Engineer: 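Okay, handing you the structure first.
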Amino acid sequence: MAITNLLATSNAVKLDGVSFFSSFSGNPNHFLSRRWSQRTIHNRVQTSCCYRETPLKAAVTPFMMPETETSSDSEGIGIVRFLKGKSYFITGATGFLAKVLIEKLLRESPEIGKIFILMKSKDQESAGKRLNDEIVSSDLFKLLKQMHGSSYEDFMKSKLIPVVGDMGEENLGIEAETAEKISEEIDVIINSAGRTTFDDRYDAALTANVLGPGSLLSFGKKCKKLKLFLHFSTAFVTAKKEGIVLETPLCIGENITSDLNIETELKLASEAVGKFHGSEQFKKLKEIGMERAQSYGWENTYTFTKAMGESTIQSKRGDLPVVIIRPSVIESSYKEPFPGWLQGIRMSAPLILAYGKDQNFDMLGDYQSYFDIIPVDMVVNATIAAMAKHGYGNNVSEVKVYNVTSASHASPMRIGELMDLSRQHLCDSPLRETTKDLERMTFHSSLEGFISSVSNTIAKQEREMKSGEGEPQFTTLSMRGKRKLQYFVSLAKTYQPYLSFQARFDETNTRSLIQELSMEERKMFDFDGSYIDWEDYIVNVHLPGLKRELFGKRSLV
């Protein structure tokens with residue numbers, strides 16, 4: 001059920017979570033001197049060096065979160081106690097986020113029950129092979145292999161149970177006997193499946209992101225001892241571009257206009273499927289998705305259908321206890337199971353790689369815009385903590401939402417900082433032998449200025465390839481050059497709404513959850529992003545991890 005989140009060579013940009021950037025035209029401020037960071041860990045405040053050379057002009061009044069304090073209760077939430085013996089049903093398990101979640105569950109609680117994994121396969125044998133190839137054999141599980149030694153595969157097979165099915169089918173496409181068995185055993189359902197391409201074809205996005213959660217809820221209502229339904233959404237699901245994004249569930253008629261009708265959207269997509277065929281069908285359904293999203297105030301098909309999915313959960317959950325996790329841009333692991341683990345060329349990677357390969361030095365957006373990223377292991381830890389808190393029966397009558405983000409902290413990441421840090425790293429450790437010193441990224445406030453600059457860059461590159469000389473004047477692009485320009489323009493348009501992103505995310509629920517952790521739980525399941533040293537993370541953790549993924553070098557040393 002997982003979607004492999006790679007950037008296609010066409011204009012499709014696939015993300016797991018969502019990934020955004022931004023910038024501004026003019027002389028940029030640079031962040032590489034020193035940062036001011038405040039770290040509060042286990043009731044202890046550490047202050048690292050620091051100031052920025054040039055103060056950033058705040059786009060909005062900073063949204064300051066309260067200081068975090070650790071619960072004095074030695075028990076805390078009781079995460080480990082909750083995990084022991086519990087069984088799970090997980091969708092999208094071969095995806096980036098869910099795979100890290102599975103690893104953490106098995107490593108910190110080897111005495112958990114079974115993890116049933118829904119897999120879209122033709123039969124049980126192929127599902128088992130896929131489980132082995134994509135999960136059991138993954139380098140992500142290196143620590144578990146060390147823990148269990150020669151019994152590793154037996155341990156994994158005893159815990160991970162592949163289930164043949166499809167969220168787009170009735171009863172999830174699971175055989176009746178198997179479905180009955182699962183319904184008697186599972187304590188928690190975790191929905192990590194979904195389509196994450198920004199401009200996906202509308203019918204596919206509706207099926208996965210709207211109908212899928214509804215079908216999974218129906219299945220959950222049949223489960224005899226289900227304690228919690230947990231759903232992964234995205235922090236950008238509200239389509240809010242400024243101000244504060246609250247931890248409030250979405251519902252049509254309340255915080256989504258009542259003019260939106262899901263049945264109407266499904267009918268519209270279905271009619272397009274019947275009317276168009278082949279490549280024309282694919283193109284038309286992508287266009288319809290973007291048009292419908294933008295007509296209702298969302299920027300793309302992905303966040304629009306995720307919003308409808310949240311609304312479906314809110315309206316159909318009945319008495320089921322529900323938690324929604326909304327992460328921002330999910331990037332490589334901060335610490336666990338080891339720093340810098342990443343799956344696929346995704347999120348910010350396409351822009352960084354184009355820059356590092358001397359292909360593009362231009363970006364459309366605002367240099368000072370917030371770049372809200374969060375390491376995948378922190379999302380996982382927050383998920384497990386929320387699951388334990390509400391799985392004990394401490395449920396409220398409403399859906400509980402947790403924004404797991406970073407830009408609301410005292411020293412948030414900016415897109416300009418990301419690109420400056422990337423330049424620093426890539427100049428010291430270039431992607432190509434021919435690369436010398438990278439030019440500084442140029443940020444544009446208009447699409448016209450962006451296109452003009454990129455066109456001139458491509459033309460210059462083409463002249464240098466032909467004659468070894470670079471002349472200043474613009475020349476006509478070759479067909480290959482035009483395709484390259486079209487790719488970068490498409491990429492810029494896709495990301496542009498988030499290149500000037502100024503909203504901040506309320507984390508009241510998330511900060512409260514951190515405060516409930518015991519000292520021991522903070523060590524095992526920490527997700528306080530306020531103390532992340534972004535320069536160290538980007539330069540020494542994330543970019544080396546990205547390069548390992550790019551070049552296929554799986555050494556974890």
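In this chain, numbering begins with 1 at the start of the sequence shown. Since the model is a prediction, treat every value here as computed from it, not as a measurement.
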Engineer: Identify, with sequence neighbours excluded, every residue that meets side-chain hydrogen bond (donor to acceptor under 3.5 Å, both in side chains) alongside Y88.
Structural biologist: none
Engineer: The criterion is side-chain contact (heavy atoms from CB on, under 4.5 Å); which residues satisfy it with A293, sequence neighbours excluded?
Structural biologist: W298, F304
Engineer: Which donor-acceptor pairs under 3.5 Å do the side chains of residues 174-181 make with protein atoms, sequence neighbours left out?
Structural biologist:
from : atom 1 : to   : atom 2 : distance (Å)
E180 : OE2    : K224 : NZ     : 3.0
K181 : NZ     : E185 : OE2    : 3.4

Engineer: Just how far is it from atom CD1 of I330 to atom OG1 of T405, taken to the nearest 0.5 Å?
Structural biologist: 11.5 Å
Engineer: side-chain hydrogen bond (donor to acceptor under 3.5 Å, both in side chains) with S311: which residues, sequence neighbours excluded?
Structural biologist: none
Engineer: Tell me whether the guanidinium CZ or amine NZ of R326 lies under 6.0 angstrom from the six-membered ring centre of F505 and within 45° of its axis.
Structural biologist: no
Engineer: For K104, check side-chain contact (heavy atoms from CB on, under 4.5 Å) against everything at least two apart and list the hits.
Structural biologist: R107, E108, E336, V380, N381, I384, F525
Engineer: Once side-chain contact (heavy atoms from CB on, under 4.5 Å) is applied, do any residues pair with F282, and if so which ones, sequence neighbours excluded?
Structural biologist: R201, K286
Engineer: Which donor-acceptor pairs under 3.5 Å do the side chains of residues 206-218 make with protein atoms, sequence neighbours left out?
Structural biologist:
from : atom 1 : to   : atom 2 : distance (Å)
T207 : OG1    : D203 : O      : 2.9
N209 : OD1    : R195 : N      : 2.9
N209 : ND2    : R195 : O      : 3.0
N209 : ND2    : T305 : OG1    : 3.0
S215 : OG     : L211 : O      : 3.2
S218 : OG     : G214 : O      : 3.2

Engineer: Applying side-chain hydrogen bond (donor to acceptor under 3.5 Å, both in side chains), name anything that partners K316, two or more places apart in sequence or on another chain.
Structural biologist: none
Engineer: Show me the pairs that pass salt bridge (charged side-chain N to carboxylate O under 4.0 Å, His left out) and involve residues 257-274, at least two apart or across chains.
Structural biologist: E265-R292
Engineer: Listed by chain and number, what are the ring pair (Phe, Tyr, Trp, His ring centres under 6.0 Å) partners of F82, not counting sequence neighbours?
Structural biologist: Y392
Engineer: Looking at CG of N403 and OG1 of T234, how far apart are the two atoms once the value is rounded to the nearest 0.5 Å?
Structural biologist: 9.5 Å
Engineer: Please identify each residue that fulfils side-chain hydrogen bond (donor to acceptor under 3.5 Å, both in side chains) with N261, with sequence neighbours left out.
Structural biologist: T264
Engineer: Applying side-chain contact (heavy atoms from CB on, under 4.5 Å), name anything that partners K493, two or more places apart in sequence or on another chain.
Structural biologist: L447, V489
